[in-house]
Peer 1: 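What follows is a structure written as structure tokens; I'll ask about it next.
Since the structure is predicted, the reported quantities are computational estimates derived from the model, not experimental observations.
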Amino acid sequence: MPLEGNFDYIVVGAGTAGCIVANRLSADPRNRVLLLEAGGTDNWIWFHIPVGYLFAIGNPRSDWMFKTEPEAGLNGRALAYPRGKVIGGSSAINAMITMRGQAADYDHWRQLGLGGWGWDDVLPVFRSLEDHFMGESDHHGAGGGWRVEAPRLSWKVLDAVAEAATQMGVPRTGDFNTGDNEGVGYFHVNQSRGRRWSSARGFLTPVRGRPNLRVETGVLVEKLIVADNKVTGVRFTQGGQSIEARARGEVVLCAGSIGSVQILHRSGIGPHDWLAPLGIETVLDRQGVGKNLQDHLQQRCIYKVEGIKTLNETYHSLIGRALMGLDYAVRRRGPLTMAPSQLGIFMRSRAGHERANIQFHVQPLSLDRFGEPLHRFPAITVAACNLQPTSRGMVRIASSAPDAAPRIAPHYLTTDDDKTVAADAIRVTRRLMGQPALAPYHPQEFLPGPRVGDDEASLIRAAGDVGTTIFHPVGTAKMGRADDPAAVTDARLRVHGIAGLRVIDASVMPTITSGNTNMPTAMIAAKGAAMMLQDAQTR
């Protein structure tokens, strides 16, 4: 059953990237745009109250509930791998942290032969997206769809950690997003007056009334339709019906580093030796599809503290919870506005690194894992991640069935460099917590624990025990030159070897950015949509 008529563009995935791409493409009323989203609408309260990530992550209503394969580098553990299952995608359940990364990240992309992706090229795109609380400047923009605000609360214990970082020589910063994020400070967040600001809220909701934009939810894409080496449409199921939609112009995948790979594989685009055993006919043997997976692994350390307030005590107090709710209801302030991490520290794990290579997420709370109650003792979490990992993993489908979960193997800590940085990150954490600024609060290491020695072997083992993802998968359909056999897309995000198809999401990053990846994904979406419109004028 085909949808009525043809569309100029079909956008698959209404997450961070898809909402922006659909917004930009449909701005021209001559373009008929179809946006397909597998999840539902964002009409649940916990998509909008910032602390709602605690209820959205690990909930099948809002999360695809993926898991990794057991990881040797994590001592055989498998990790939950949350991905947003709703309009707005992962921007509806993520940490809300606004982080571009480092100028050197993008200059490296340019040095790989990807013209137009250097820092000076992407900075204007970042600025055009923003409605920043600091206003218009050389670094930031105002009036864009992506609202950025300062956090609406602070913690004395986090201020003490910040002071401890300065005692180690880390400079204070009021803005991590100027190209060099080395420093310590509170994260800026994607919020508006204490409410989460997702990509859907900023870029899709304001344009849902456009007559040339059609949005369909509850859609599970089966495969791309290919004829004469050109993608001409999409086949999907919705409400138990199999439906086809046709594109006069292009189909663009914005389903993320996991979802876009699944669709490409089911369509016969990917490594032949992966697809053939599943009975899928190879349309295009592109070896890079699903490889080059990169993610930020954090070493999550927990310290008990004394004589200073943390969220743990308030969480277990009925009066404390009531006051938190009242503060949010009346002033849109307090702990319910908290991002998962509040204080950031970017620094070098040891001398010799050219730029900051580890990022701390510091929280005034502690818990065993997402979805479980906070601990009953006062504590903070001090988690350091490797910003520039060298380990590479993969994503591949396990079945041709559209509803089958994929195989995800990040291959954490499989290189000597990553093992060294992980061990150093725990050492740096211990030095940080031993600084004079924190001495009055008597920090005691709870995780990985004082029994873990400071030798390399012990720390690498501990990193495998406490390491967990920060949910930043990228790179599985990487940009690259035509002579790079591992590349999936070119610098204009067109899939090598087939016409009518682009990928515009975090999967096209050739290397991961040095920080949270949501804002770089938004930039890729805006830049990619502009390329599509430019290229349409020359056809």
Side-chain angles (χ1 to χ4, degrees), residues 5-14 16-36 106 109-110 112-118 120-126 128-129 203 207 210 212-214 224-234 245-255 260 263-264 267 269 283-284 286 288-289 477-484 487-510 520-539:
N6 288 336
F7 294 87
D8 295 286
Y9 301 104
I10 299 175
V11 182
V12 180
T16 296
C19 289
I20 295 172
V21 170
N23 175 299
R24 298 295 196 257
L25 296 180
S26 64
D28 185 340
R30 295 172 297 180
N31 292 332
R32 190 167 183 238
V33 179
L34 174 64
L35 176 61
L36 302 176
Y106 303 98
W109 294 3
R110 186 190 63 226
L112 293 174
L114 299 170
W117 289 95
D120 290 341
D121 302 304
V122 302
L123 178 58
V125 185
F126 279 122
S128 72
L129 285 166
F203 296 95
V207 301
R210 287 176 178 169
N212 62 324
L213 174 62
R214 179 167 175 174
L224 303 171
I225 299 169
V226 182
D228 298 325
N229 203 42
K230 179 181 180 180
V231 174
T232 60
V234 174
R246 300 284 175 168
R248 286 189 295 261
E250 294 181 282
V251 173
V252 53
L253 297 183
C254 300
S260 288
I263 294 167
L264 288 168
S267 305
I269 301 172
V283 172
L284 176 65
R286 201 75 207 176
V289 178
K478 75 166 191 171
M479 285 189 282
R481 300 187 317 184
D483 58 357
D484 178 358
V488 177
T489 66
D490 64 14
R492 298 189 73 78
L493 309 184
R494 298 170 297 202
V495 174
H496 287 294
I498 197 164
L501 178 63
R502 300 200 200 212
V503 181
I504 302 181
D505 56 33
S507 68
V508 304
M509 295 187 196
T521 302
M523 178 277 293
I524 289 168
K527 189 172 175 65
M531 290 175 173
M532 292 180 69
L533 293 172
Q534 291 166 1
D535 292 347
Q537 294 176 359
T538 63
R539 284 202 294 266

Peer 1: Decide yes or no on side-chain contact (heavy atoms from CB on, under 4.5 Å) for Val488 and Val508, but give the supporting numbers first.
Peer 2: CA-CA 8 Å; Val488 177; Val508 304; over 6 Å; no

Peer 1: Do Leu493 and Val503 have side chains that approach each other closer than 4.5 Å (heavy atoms only, starting at C-beta)?
Peer 2: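 The answer is no, as the side chains (C-beta and beyond) never meet within the 4.5 Å cut-off.
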
Peer 1: Give me the atom names and distance for the closest heavy-atom approach of Phe203 to Cys19.
Peer 2: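 So the two residues come closest at CB-O, 3.9 Å.
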
Peer 1: Hey, does Arg286 have a side-chain heavy atom less than 4.5 Å from the side chain of Leu264?
Peer 2: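 No. Closest side-chain heavy atoms not under 4.5 Å.
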
Peer 1: Once salt bridge (Lys or Arg N to Asp or Glu O under 4.0 Å) is applied, do any residues pair with Arg210, and if so which ones, sequence neighbours excluded?
Peer 2: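 Not a single residue meets the salt bridge (Lys or Arg N to Asp or Glu O under 4.0 Å) criterion with Arg210.
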
Peer 1: If we only count heavy atoms from C-beta on, is the Ile263 to Val234 side-chain gap below 4.5 Å?
Peer 2: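 Result no, sub-4.5 Å side-chain heavy-atom pair not found.
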
Peer 1: Step by step, work out the side-chain contact (heavy atoms from CB on, under 4.5 Å) result for Asp535 and Arg492.
Peer 2: CA-CA 9 Å; Asp535 292 347; Arg492 298 189 73 78; 3.0 Å; yes

Peer 1: Kindly compute the distance separating OG (Ser128) from NZ (Lys527), expressed to the nearest 0.5 Å.
Peer 2: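 Answer for the OG-NZ pair, Ser128 versus Lys527, is 10.5 Å.
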
Peer 1: If you look at every heavy atom in Ala526 and Leu129, which pair is closest and at what distance?
Peer 2: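 Closest heavy-atom pair between Ala526 and Leu129: CB-CD2, 3.9 Å.
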
Peer 1: Of the non-hydrogen atoms in Asp505 and Ala255, which two are nearest, and what is the gap between them?
Peer 2: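 Nearest heavy atoms, Asp505 then Ala255: OD2-N, 3.3 Å.
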
Peer 1: Taking all atoms of both residues into account, what is the closest heavy-atom pair of Ala487 and Met479, and its distance?
Peer 2: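 Between these two residues, the closest heavy atoms are CB-C, 4.3 Å.
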
Peer 1: What are the two closest heavy atoms between Ala22 and Leu35, and how far apart are they?
Peer 2: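 Smallest interatomic distance, heavy atoms only, reads CB-CD2, 3.9 Å.
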
Peer 1: Which residues pass the side chain to side chain contact (heavy atoms under 4.5 Å, CB included) test with Ala525, not counting sequence neighbours?
Peer 2: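 If we apply the side chain to side chain contact (heavy atoms under 4.5 Å, CB included) test to Ala525, skipping adjacent residues, the hits are Ala17, Ile20, Val21, Ile504.
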
Peer 1: Return the set of residues passing side chain to side chain donor-acceptor pair (under 3.5 Å) with Thr521 (not counting sequence neighbours), or none when no residue passes.
Peer 2: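 Thr521 satisfies side chain to side chain donor-acceptor pair (under 3.5 Å) with no other residue.
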
Peer 1: Show the numbers, then the answer: is there a side-chain contact (heavy atoms from CB on, under 4.5 Å) between Asp121 and Tyr106?
Peer 2: CA-CA 9 Å; Asp121 302 304; Tyr106 303 98; over 6 Å; no

Peer 1: Which heavy atom of Pro29 sits nearest to which heavy atom of Asn212, and what is that distance?
Peer 2: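 Between these two residues, the closest heavy atoms are CA-ND2, 3.5 Å.
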
Peer 1: Are any non-hydrogen side-chain atoms of Leu284 and Val289 less than 4.5 angstrom apart?
Peer 2: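 No, side chains not in contact.
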
Peer 1: To the nearest 0.5 angstrom, please state how far the CG atom of Asp484 sits from the NE2 atom of His496.
Peer 2: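 That separation rounds to 7.5 Å.
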
Peer 1: For the atom pair CD1 (Ile225) and NZ (Lys230), what is the distance rounded to the nearest 0.5 Å?
Peer 2: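 Taking CD1 in Ile225 and NZ in Lys230, the distance rounds to 13.0 Å.
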
Peer 1: What's the spacing between Phe7 CZ and Arg248 CZ if we round to 0.5 Å?
Peer 2: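 The CZ atom of Phe7 sits 9.0 Å away from the CZ atom of Arg248.
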
Peer 1: Checking Asp28 now: which residues fulfil salt bridge (Lys or Arg N to Asp or Glu O under 4.0 Å) with it, not counting sequence neighbours?
Peer 2: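 So Asp28 forms a salt bridge (Lys or Arg N to Asp or Glu O under 4.0 Å) with Arg30.
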
Peer 1: Suppose we screen for side chain to side chain donor-acceptor pair (under 3.5 Å). Which residues come up paired with Asp483, at least two apart in sequence or across chains?
Peer 2: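 Scan of Asp483 (side chain to side chain donor-acceptor pair (under 3.5 Å), adjacent residues dropped) gives Arg481.
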
Peer 1: Look up atom OH in Tyr9 and atom CZ in Arg502, then write down how far apart they are to the nearest 0.5 Å.
Peer 2: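 Taking OH in Tyr9 and CZ in Arg502, the distance rounds to 8.0 Å.
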
Peer 1: Using the test side chain to side chain contact (heavy atoms under 4.5 Å, CB included), find all partners of Asn229 that sit at least two apart in sequence or belong to another chain.
Peer 2: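 Scan of Asn229 (side chain to side chain contact (heavy atoms under 4.5 Å, CB included), adjacent residues dropped) gives Ile498.
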
Peer 1: CG/Asp8 to CZ/Arg32 distance, rounded to the nearest 0.5 angstrom?
Peer 2: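 Answer for the CG-CZ pair, Asp8 versus Arg32, is 8.5 Å.
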
Peer 1: Quick one: do Ile524 and Trp117 satisfy side-chain contact (heavy atoms from CB on, under 4.5 Å)? Show the steps, please.
Peer 2: CA-CA 9 Å; Ile524 289 168; Trp117 289 95; 3.9 Å; yes

